[in-house]
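All remarks here apply to the structure that follows.
Every chain is numbered from 1 and lettered A, B, ... according to where its sequence line falls, protein lines coming before strand lines. Any value given below was found using the heavy atoms of this structure, including those in side chains, with hydrogens, waters and symmetry copies removed.
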2 protein chains.
Amino acid sequence: MNKTSRITLSDVALAADVSPITVSRALRDPSKVSPLARDRIDRAIRELGYVPNPAARALASGRTDIVGVIIPSVSNNVFADVMRGIDEGLQGSPLIVQLGTTRYSPLTEEQLIRVFLSQRPAGLIVAGHDQSPAARALLAGAECPVVQIMEVGPDPIDLAVGLSHFDGARAAAEHLLAQGYRAPAFLGAQMDPRSQRRLAGFRACLEAAGLGGDDPVVTTPEPSSVSLGCRLFADLMARLPQTDAVLCNNDDLALGVLFEARRRNIAVPSRLGICGFNDHEMMSAAEPPITSVATDRRAMGAQAIRLIRARLAGQDAPRGHAVDLGFQLIPRASTRRNRSSANRPT
Amino acid sequence: MNKTSRITLSDVALAADVSPITVSRALRDPSKVSPLARDRIDRAIRELGYVPNPAARALASGRTDIVGVIIPSVSNNVFADVMRGIDEGLQGSPLIVQLGTTRYSPLTEEQLIRVFLSQRPAGLIVAGHDQSPAARALLAGAECPVVQIMEVGPDPIDLAVGLSHFDGARAAAEHLLAQGYRAPAFLGAQMDPRSQRRLAGFRACLEAAGLGGDDPVVTTPEPSSVSLGCRLFADLMARLPQTDAVLCNNDDLALGVLFEARRRNIAVPSRLGICGFNDHEMMSAAEPPITSVATDRRAMGAQAIRLIRARLAGQDAPRGHAVDLGFQLIPRASTRRNRSSANRPT
DNA sequence: CTGAAAGCGCTTACAG
DNA sequence: CTGAAAGCGCTTACAG
């Protein structure tokens, strides 16, 4: 094709009057080259506008600077936050993100893993612990560090960083009971594995409190949204009008519940308690501010990259190493039922 | 290193009893290979578990299946939506997304363009029209299709798909005036070029209406958030208490204004009109529902990919081809001041 | 500290 | 429809 121009390493070598090998070395580890040669090479690179060909490098070395990231969806602010953390973690490294979305399909995930692995990535980040057996096998056989993010669970493939969604939801449910709510319900959308575990945590709390009878749960496989929160809450009220508190699978739903409650003149928090999950920034800004379970999505992404970089730098990060980032219940006015509300921090 | 295993094209050729070239051909264009050879090759590929090496392919052909996407930020739901559209547009193609974020820095953008271009991508998508001259030069010299997204403007580098933010904001301001608001203000965060143009559209409307004196504008370079909407609105009310409507740079701010107005017992829409920008899903769910300027971010991403795929398929898409996706003002209760509100579509 | 040789795994023309 | 030859632009050992 366009065989015009395109400066190669040999061109640089010629201009700097050294061998190509020396240029290659200067590029990869300048300390291995004499200062004099280094200077000449640097100048030649600058003058010629040389840019290395990553494909050639990858073919020769079997390595790349690519970090593959495989997540269910990008239009979910939770993953957007994770991506942000990944991006921040990448600062100062030559690593580049290759992004793939599974749309919550294990089969798509498997295919993506195959494609991404064929690129010989420097590292791979995948969401969750529920890969198909074939996907797990692929990842287990990968020559690069693999980080499972979002949750910690038994038997990580390699590295893992996340939190226990079961514990988070259980803590939230316990909070509702502690506030005096007696008929809490669970609202869930996009019931992915993590949502399922949140639901399980909710149920565990209710059972422990002897409230396990009704199973006051409304869920849908639909993707989450604020509008969906409105609708799910309407469904819930039609089915279980005695509900006095709602634990939402995520903050979007919680916001929808708040709006719908307002539309129906249901007083929050006195008649209805609302709790979200993740503690999106808007939870503290809402009126009333909404209680939520804070998770640090950015830290998750950043930490995943940190683990990969450490492994690449030859540092020790044994297989099976899992980092539990935990969660924090942030009580706010939306669940402040029987207490003095004189002082109201947001 | 690990020279063990790793099946190559030659291995497949050997097993299928054809030459490597024929295998290569079968992979790229099966119709050019006899059905018999094709069968044998397919079987060999399956049995050996052969996966092509993209680096080798890239080096030999000078092409890759990579689409570079360069956006300011991922933790901004506008770009998350665009990414979603890109992702959808990619369906059924072998293209893979490589993602880079500029953090709104032209210098970082330039570096990213350089790095991404060195990969010989199949296409490049960049946000906005305000690249540095050096970045523009790089893009103009690119051998792949380049799509500028988010807005349409004069002198696109190659392809473009977006809308006029100036027009969108002006239409919103006109709507506020038409509703009888007489002292509209503008609230803006993260004042990137598109926000600047929205502000300009707002000002143009006010001037045309003879209301250009005060310049009722509160902006900040801080990234946008709902909480920030609360704070900016507080600033605004302190400075210009006569304000009776707010045009927000985006929906996050608008939601923050709604919450803050509620906290202050400022009636919406009678005492205060609120209008957002982008029409995020939550605008229709809010109570009251919030007027906004709808933009189709997903379509933007999908269309960008469509243009790239068309160009790659050899179809005609002349340089300078710009697609204006337009916008649509969605009037809702938050600006329904003097009208009968008997029927209230959301 | 530096270099000559070989090779990474494909594809590109060019023949036949 | 099929193949032999050359080469894409680097890096990897191995010497010196």
Side-chain angles (χ1 to χ4, degrees), chain A residues 1-42 44-45 48-66 94 117-120 122 143, chain B residues 1-42 44-45 48-66 94 117-120 122 143:
Chain A
M1 298 265 162
N2 204 343
K3 194 137 301 167
T4 55
S5 58
R6 206 135 251 174
I7 311 299
T8 71
L9 189 140
S10 306
D11 297 327
V12 175
L14 229 59
D17 198 29
V18 295
S19 76
I21 309 176
T22 303
V23 178
S24 170
R25 225 172 336 236
L27 249 30
R28 281 170 298 131
D29 186 356
S31 74
K32 284 185 177 166
V33 170
S34 71
L36 213 130
R38 215 186 302 157
D39 276 0
R40 289 213 304 268
I41 291 169
D42 284 351
I45 288 177
L48 296 173
Y50 169 68
V51 181
N53 182 330
R57 178 174 288 182
L59 182 57
S61 72
R63 314 181 330 89
T64 66
D65 286 333
I66 295 171
L117 243 27
S118 80
Q119 315 256 357
R120 283 136 189 89
E143 286 166 16
Chain B
M1 302 265 160
N2 204 344
K3 194 136 300 163
T4 55
S5 58
R6 205 136 253 172
I7 310 300
T8 72
L9 189 140
S10 305
D11 297 328
V12 175
L14 227 60
D17 198 30
V18 295
S19 77
I21 310 177
T22 303
V23 178
S24 170
R25 226 174 336 239
L27 249 31
R28 281 171 297 132
D29 185 356
S31 74
K32 285 185 176 166
V33 170
S34 70
L36 213 128
R38 214 186 304 156
D39 276 2
R40 288 212 305 267
I41 292 168
D42 284 351
I45 287 177
L48 296 173
Y50 169 68
V51 181
N53 182 329
R57 177 175 287 182
L59 182 56
S61 71
R63 313 183 330 89
T64 66
D65 286 334
I66 294 171
L117 243 27
S118 80
Q119 314 256 359
R120 282 137 188 90
E143 286 166 15

Per A:Leu59 side chain, nearest of listed nucleotides C:dA4, C:dC8, D:dA4: C:dC8
Over how many whole Å does the gap from A:Leu9 atom CG to D:dC10 atom P extend? 5 Å
CG of A:Asn53 versus C1' of C:dG9: gap in Å, rounded? 14 Å
Separation of D:dG9 atom C1' from A:Ile7 atom CD1, nearest Å, is 13 Å
Counting only side-chain nitrogens and oxygens, does A:Ser24 get under 4.0 Å of the OP1 or OP2 atom of D:dT11? yes
Separation of atom CD1 in B:Ile21 from atom C1' in C:dA15, rounded to whole Å: 11 Å
Measure from CG on A:Leu14 to C1' on D:dG9 and round the result to the nearest Å. 15 Å
Sequence neighbours excluded, which residues qualify as side-chain hydrogen bond (donor to acceptor under 3.5 Å, both in side chains) partners of A:Ser10? none
Stems involving DNA chain C, each a run of at least 3 consecutive Watson-Crick or G-U pairs under 3.5 Å: C:1-3 with D:14-16, C:5-12 with D:5-12, C:14-16 with D:1-3
On DNA chain D, nearest-nucleotide positions of B:Asp17 versus B:Arg120: which is more 5'? B:Asp17
Looking at C:dG3, I'd like to know if its phosphate oxygens (OP1 or OP2) sit under 4.0 Å from a side-chain N or O belonging to A:Ser19. yes
Pairs under 3.5 angstrom only: tabulate donor-acceptor contacts from the side chains of residues 32-39 of chain B to other protein residues two or more places apart or in another chain.
residue, atom, partner, partner atom, Å
B:Ser34, OG, B:Ala37, N, 3.2
B:Arg38, NE, B:Pro30, O, 3.1
B:Arg38, NH2, B:Val33, O, 3.1

Quick one: is C:dT11 close enough that its OP1 or OP2 comes under 4.0 Å of any side-chain N or O from B:Arg28? yes
B:Ser34 side chain near D:dT2 phosphate (N/O to OP1/OP2, under 4.0 Å): yes
B:Ile41 atom CD1 is separated from D:dC1 atom P, nearest whole Å, by 13 Å
Side chain of B:Thr22, heavy atoms from C-beta onward: which of D:dT2, C:dG9, D:dT11 has the nearest atom to it? D:dT2
Quick one: is C:dC8 close enough that its OP1 or OP2 comes under 4.0 Å of any side-chain N or O from B:Thr8? no
I want to verify a distance call: between C:dT12, D:dT2, C:dT2, whose nearest atom is closest to the A:Arg25 side chain? C:dT2
For the pair made of NZ in A:Lys32 and P in C:dT2, what is the distance, rounded to whole Å? 13 Å
